[in-house]
> 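Below is the structure I would like to discuss, written out as structure tokens.
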Amino acid sequence: MDKTNSKFKLSKTTKSNLITYLIVIIAYLTVQLLLAGGHMSSLMEGLLVPLCIYVILAVSLNLTVGILGELSLGHAGFMCVGAFSGAFFSKCTQGSMPDMLRFLLALIIGAVVAGVFGILIGIPVLRLKGDYLAIVTLAFGEIIKNLVNVLYIGRDSDGFHFSMKDSISLHLKEDGEVLVNGAQGITGTPHDSSFTIGVLLILLALFIILNLIHSRDGRAIMAIRDNRIAAESVGINITKYKLMAFSISAAIAGVGGVLYAHNLSTLTAQPKNFGYNMSIMILVYVVLGGIGNIRGSIIAAVLLTLLPELLRGLSDYRMLIYAVVLIAMMLLNWSPKAIEWKERFRETYFSGRKTGKSETAQVSQTGKGVK
């Protein structure tokens with residue numbers, strides 16, 4: 001009986017993963033109960049899909065920052081690539097196939113295109129370290145946003161037409177339509193996003209990332225993060241595993257972008273949604289939730305998305321508060337004095353516990369001797 005029961009015991013990793021999935025499912029069921037009872041305002045209801053998007057972005061960025069150990073500020077660029085590629089596909093195929101099939105294909109296309117961009121950018125960029133990597137990825141995000149703003153794509157009976165000047169230079173026929181109109185973006189994207197789909201995509205992203213972290217590849221990625229020279233000395237392919245983590249992170253960000261694009265009637269590449277502030281906001285979710293802590297990223301994304309709406313009087317100072325929190329957490333995690341203080345506290349705390357245990361053991365042994 002003992003041998004049979006031992007086969008069905010779950011490992012510590014599996015239990016931790018199941019708890020993470022269970023937290024998301026319980027949150028989803030709670031929200032559904034609130035919606036069914038009419039206890040949620042329309043404003044909060046409108047935040048449900050953006051909430052899912054931010055959770056997906058935070059979890060995916062934590063794979064790069066927390067697990068791989070590289071600071072990337074171009075996550076909004078990958079989100080932008082996925083959003084526009086998915087929206088462009090949906091716009092082109094609208095009415096020609098079932099809605100759910102079209103949206104599923106848009107998600108796949110957004111993930112693939114963003115993943116390919118992650119590989120293309122990662123090959124030269126991942127040779128850099130620290131601040132240099134952050135600056136180059138930040139530049140990538142800004143370049144992508146500006147390229148989309150000058151891109152014009154139209155379609156008529158002759159096929160597709162491209163231009164980087166204006167929509168008139170497309171020379172469309174009477175039956176033609178402009179699909180991507182420069183800074184005005186893509187108009188008329190099907191509204192396929194929903195809270196249920198967002199939660200399913202969160203669970204899918206968690207399944208991919210958590211299984212990667214606890215796999216052999218994940219251990220190799222974390223070995224590179226902890227000590228690159230030692231990892232390379234035991235035969236770990238540094239370039240391969242860095243590109244793997246970076247491209248998977250970019251692909252999941254592309255999925256978040258597709259979900260974002262199908263939640264709006266008009267998709268535009270503006271600084272507020274695909275600019276520097278978006279990348280910093282996602283990074284704040286990761287840092288505040290704990291670098292490398294996937295569950296913490298989920299909680300931080302939810303709290304920092306809901307708090308500005310609950311405390312609307314401080315909405316003008318949101319980015320200032322994010323900046324202060326980000327600087328404070330970075331100082332706490334990476335400042336030599338802060339690290340020294342934490343080590344001293346840890347040594348004092350654990351040595352105190354060990355001393356207390358040893359004294360208790362001595363007393364118990366003395367008591368046994370007296371008896």
Side-chain angles (χ1 to χ4, degrees), residues 50-51 53-66 68 70-85 87 110 113-114 117-118 120-122 124-126 128-151 182-185 246 249-250 252-261 263-264 266-289 291 297 300-301 304-305 307-308 314-331 333-334:
L51 196 65
I53 296 166
Y54 294 141
V55 169
I56 292 171
L57 293 172
V59 168
S60 61
L61 183 60
N62 210 342
L63 178 59
T64 300
V65 177
L68 180 60
E70 300 289 355
L71 180 60
S72 172
L73 294 179
H75 221 54
F78 297 120
M79 177 188 174
C80 181
V81 169
F84 274 88
S85 59
V113 173
F117 268 83
L120 294 177
I121 298 300
V125 162
L126 290 176
L128 304 174
K129 297 180 182 179
D131 300 338
Y132 301 103
L133 175 63
I135 292 170
V136 174
T137 51
L138 173 63
F140 159 74
E142 294 299 313
I143 290 170
I144 288 294
K145 177 174 64 66
N146 291 327
L147 281 177
V148 170
N149 283 328
V150 297
L151 183 64
Q184 297 180 15
F246 198 70
S249 175
I252 296 174
V255 170
V258 175
L259 188 65
Y260 176 84
N263 191 46
L264 302 171
T266 301
L267 177 65
T268 57
Q270 300 296 327
K272 63 180 180 180
N273 51 4
F274 296 122
Y276 171 76
N277 285 341
M278 175 62 79
S279 294
I280 291 296
M281 187 171 68
I282 302 168
L283 181 62
V284 169
Y285 297 155
V286 173
V287 174
L288 188 63
I291 296 176
S297 296
L304 290 180
T305 304
L307 281 178
L314 299 175
S315 60
D316 294 336
Y317 305 98
R318 181 179 62 177
M319 295 311 299
L320 176 62
I321 295 171
Y322 284 177
V324 171
V325 170
L326 179 60
I327 293 170
M329 293 300 294
M330 290 177 72
L331 289 175
N333 286 326
W334 294 326

> Can you check whether Phe84 reaches Leu267 side chain to side chain, under 4.5 Å on heavy atoms?
yes

> Checking Thr137 side chain against Ser72 main chain: does a donor-acceptor pair fall under 3.5 Å?
no

> Could you give the distance from CG (Leu126) to CG (Leu68), rounded to the nearest 0.5 Å?
7.0 Å

> Is any side-chain heavy atom of Ile280 closer than 4.5 Å to one of Val284?
yes

> Drop me the distance from Thr64's OG1 to Glu70's CD, to the nearest 0.5 angstrom.
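Those atoms lie 9.0 Å apart.
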
> Would you say the side chain of Val148 lies within less than 4.5 Å of the side chain of Cys80, judging by non-hydrogen atoms?
yes

> With a 4.5 Å heavy-atom cut-off, do His75 and Leu57 have their side chains touching?
yes

> What are the two closest non-hydrogen atoms of Ala87 and Ala261, and how far apart are they?
CB-CB, 4.0 Å

> I'd like to know if the side chain of Ser60 reaches the main chain of Ile252, judged simply by a donor and an acceptor atom lying under 3.5 Å from each other, with no hydrogens or angles considered.
no

> Under 3.5 Å, is there a donor-acceptor pair between the side chain of Asn146 and the main chain of Glu142?
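Side chain of Asn146 to backbone of Glu142: a pair is present.
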
> Carefully, step by step, assess Leu133 and Leu71 under the rule side-chain contact (heavy atoms from CB on, under 4.5 Å).
CA-CA 7 Å; Leu133 175 63; Leu71 180 60; 5.5 Å; no

> Can you see which heavy atom on Ala114 is nearest to which on Gly254, and at what distance?
CB-CA, 3.7 Å

> For the atom pair CD1 (Ile282) and CG (Leu61), what is the distance rounded to the nearest 0.5 Å?
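The CG atom of Leu61 is 6.5 Å from CD1 of Ile282, to the nearest 0.5 Å.
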
> When you look at Val59 and Val55, which way does the side-chain contact (heavy atoms from CB on, under 4.5 Å) test go after all the steps?
CA-CA 6 Å; Val59 168; Val55 169; 4.3 Å; yes

> Sub-3.5 Å donor-acceptor pair from the side chain of Thr268 to the main-chain atoms of Gln184, do we have one?
no

> Would you mind reporting whether Asn263 and Pro50 have side-chain heavy atoms less than 4.5 Å apart?
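Heavy-atom side-chain distance check passes, below 4.5 Å.
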
> Under 3.5 Å, side chain of Asn273 to main-chain N/O of Met278, donor-acceptor pair present?
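It does not hold such a pair.
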
> Are Phe274 and Tyr260 close enough that their ring centers fall under 6.0 Å?
yes

> Are the side chains of Phe140 and Ile144 in contact, using a 4.5 Å heavy-atom criterion?
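SC-SC contact between Ile144 and Phe140 confirmed.
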
> On a heavy-atom basis, which atom in Gly257 and which in Ala83 lie closest, and how many Å separate them?
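What the structure gives for the nearest pair is O-CB, 3.2 Å.
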
> Got a second to check how far Met79's CE is from Ile56's CD1, nearest 0.5 Å?
9.5 Å

> What heavy-atom pair brings Phe78 and Ala253 nearest, and what distance separates the two atoms?
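For Phe78 and Ala253, the tightest heavy-atom pair comes out as CB-CB, 4.1 Å.
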
> Would you name the heavy atoms of Ala250 and Gly118 that are closest together and state the gap between them?
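Looking at all heavy atoms of both residues, the shortest contact is CB-CA, 4.0 Å.
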
> Is any side-chain heavy atom of Leu283 closer than 4.5 Å to one of Leu73?
yes

> Check whether the ring centres of Phe246 and Phe117 lie less than 6.0 Å apart, and answer yes or no.
no

> For residues Gly110 and Ser85, report the shortest heavy-atom separation together with the two atoms involved.
CA-OG, 3.5 Å

> Please check: side-chain N/O of Asn149 versus main-chain N/O of Ala269, any donor-acceptor pairing under 3.5 Å?
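Pair found, side chain donor or acceptor close to backbone of Ala269.
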
